[in-house]
Amino acid sequence: MAILGNTEKGPLIQHMWDQEKAHRAKFEELIRKYRVRPTVMTPIWNVAGFMLGAGSALLGDKAAMACTVAVETVIVEHYNDQLRELMQDPNINKEILDTIKQFRDEEQEHHDIGIDHGAEQAPFYKAFSEFVKFGCKTAISISKSIV
Ligand SMILES: [Fe+2]
């Protein structure tokens with residue numbers, strides 16, 4: 001939104017951002033409710049996330065869409081891993097399960113929006129996509145290991 005907010009892609013990006021804000025608010029609510037300690041890396045991921053999004057948007061709207069597609073690919077896989085794990089629990093927590101399922105579907109929608117809006121026509125799509133996916137996977141594994 002900082003870079004492309006006033007372009008024709010603005011409303012589309014606003015729609016995805018609104019959903020992301022709802023995801024964050026819900027997870028922050030669940031963190032408080034279940035007294036989970038969030039990763040100490042959060043402030044760093046906030047800055048890294050902004051720089052990744054704004055940086056790719058500076059390369060153009062197709063690069064921003066390519067970034068979106070790469071991030072959402074990793075996030076959908078991450079949610080699916082969590083769903084598989086949750087479903088092995090006989091005392092499954094329905095609220096957490098339903099929340100992750102809904103968010104997984106919305107992230108899949110963001111992925112599909114990115115594809116529909118030219119992600120694959122971004123310059124150096126393959127290399128850029130692999131770079132962003134690697135960054136996201138690294139952030140997830142760091143967050144898991146250092147809590
Ligand atoms: Fe998303």
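Count residues from 1 along the sequence. Model, not experiment: these values are computed from the prediction.
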Problem - Over 12 foreign heavy atoms within 6.0 Å of CE, Met51 - result: no
Practice task
Identify whether the distance between the nearest side-chain nitrogen and carboxylate oxygen of Glu95 and Lys33 falls below 4.0 Å.
Solution key: yes
Practice task
State yes or no: do Ile100 and Tyr34 share one hydrophobic cluster built from I, L, V, M, F, W and Y residues joined by side-chain heavy-atom distances below 4.5 Å, directly or via other members?
Solution key: yes
Handout entry: Test: Arg104 and Glu107 ion pair at under 4.0 Å
Key = no
Exercise for the section: First locate atom CG of Asp112, then atom NE2 of His117, and finally report the distance between them rounded to the nearest 0.5 Å. Expected result: 10.5 Å
Exercise for the section: Apply the test salt bridge (Lys or Arg N to Asp or Glu O under 4.0 Å) to residues Arg24 and Glu28: give CA-CA distance (whole Å), side-chain angles for both, the deciding distance (0.1 Å), then the verdict. Expected result: CA-CA 6 Å; Arg24 182 179 199 143; Glu28 279 170 358; 3.2 Å; yes
Exercise for the section: Heavy atoms only: give me the nearest Ile3-Ala54 pair and the separation to one decimal. Expected result: CG1-O, 3.8 Å
Problem - Nearest heavy atoms of Leu4 and Asp61, plus distance in Å - result: CD1-CA, 3.9 Å
Exercise for the section: Would you please classify the geometry between the Phe103 ring and the Phe27 ring as parallel, tilted or perpendicular, with 30° and 60° separating the classes? Expected result: perpendicular
Handout entry: Option passing side-chain contact (heavy atoms from CB on, under 4.5 Å) with Lys133 (candidates Val71, Val74, Val69)
Key = Val74
Fill in the blank from the handout: In this structure, CZ of Phe131 is separated from SG of Cys67 (nearest 0.5 Å) by 9.5 Å
Handout entry: With Asn93, the side-chain contact (heavy atoms from CB on, under 4.5 Å) member among Ile96, Asp89, Asn91
Key = Ile96
Exercise for the section: Using a cut-off of 6.0 Å, state whether more than 12 heavy atoms not belonging to Lys126 lie near its atom NZ. Expected result: no
Exercise for the section: Compare all side-chain heavy atoms of Ile75 with those of Glu72 and state whether any distance is below 4.5 angstrom. Expected result: yes
Practice task
Provide the closest heavy-atom pair for Ile92 versus Met87 in the form atom of the first, atom of the second, distance.
Solution key: CD1-CA, 3.6 Å
Exercise for the section: Kindly check if the number of other-residue, nucleotide or ligand heavy atoms within 6.0 Å of CG (Asn6) is above 12? Expected result: no
Exercise for the section: With the side chain counted from C-beta on, respond yes when Glu109 and Gln19 share a heavy-atom pair under 4.5 Å apart, and no when they do not. Expected result: yes
Handout entry: Non-hydrogen side-chain atoms of Lys9 and Gln14 separated by less than 4.5 Å
Key = no
Exercise for the section: Examine Tyr79 and Leu97 and state if one hydrophobic cluster contains both, with Ile, Leu, Val, Met, Phe, Trp and Tyr joined whenever side-chain heavy atoms are less than 4.5 Å apart. Expected result: yes
Practice task
Establish, from distance only, whether the side-chain atoms of Trp45 and Thr39 form a donor-acceptor pair under 3.5 Å.
Solution key: no
Practice task
Quick one: do Gln102 and Asp105 satisfy side chain to side chain contact (heavy atoms under 4.5 Å, CB included)? Show the steps, please.
Solution key: CA-CA 5 Å; Gln102 182 199 327; Asp105 292 346; 5.9 Å; no
Handout entry: Hydrophobic cluster membership, Ile44 vs Val132, 4.5 Å side-chain cutoff
Key = no
Exercise for the section: Write down the atom of Ala57, the atom of Ala64, and the distance for their closest heavy-atom approach. Expected result: CA-CB, 3.9 Å
Problem - Parallel, tilted or perpendicular, as decided by the 30° and 60° cut-offs, for the rings of His15 and His110 - result: perpendicular
Handout entry: Contact check, side chains of His111 and Val76, non-hydrogen atoms, under 4.5 Å
Key = no
Problem - Leu59 CG to Phe124 CZ distance, which is reported to the nearest 0.5 Å - result: 10.5 Å
Practice task
Report yes if the side chains of Glu77 and Lys137 come closer than 4.5 Å at any heavy-atom pair, otherwise no.
Solution key: yes
Practice task
State, with a plain yes or no, whether a side-chain heavy atom of Ser56 is found less than 4.5 Å away from one of Phe128.
Solution key: yes
Practice task
Indicate the atoms forming the closest heavy-atom contact of Ala119 with Tyr125, along with that distance.
Solution key: O-CD1, 3.1 Å
Practice task
Quick one: pull up CG in Leu86 and CG in Asp81 and give me the separation to the nearest 0.5 Å.
Solution key: 11.0 Å
Exercise for the section: Would you kindly confirm whether Leu58 and Met1 end up in one hydrophobic cluster when ILVMFWY residues are joined by side chain heavy atoms under 4.5 Å apart? Expected result: yes
Exercise for the section: Please tell me if the side chains of Thr68 and Ile113 come closer than 4.5 Å, counting only heavy atoms from C-beta onward. Expected result: no
Practice task
Using the side chain to side chain contact (heavy atoms under 4.5 Å, CB included) rule, take Leu30 and Thr99 through it: C-alpha gap first, then chi angles, then the decisive distance, then the call.
Solution key: CA-CA 10 Å; Leu30 292 173; Thr99 299; 4.1 Å; yes
Fill in the blank from the handout: When rounded to the nearest 0.5 Å, the distance separating CD1 of Ile140 from CE of Met41 is 13.0 Å
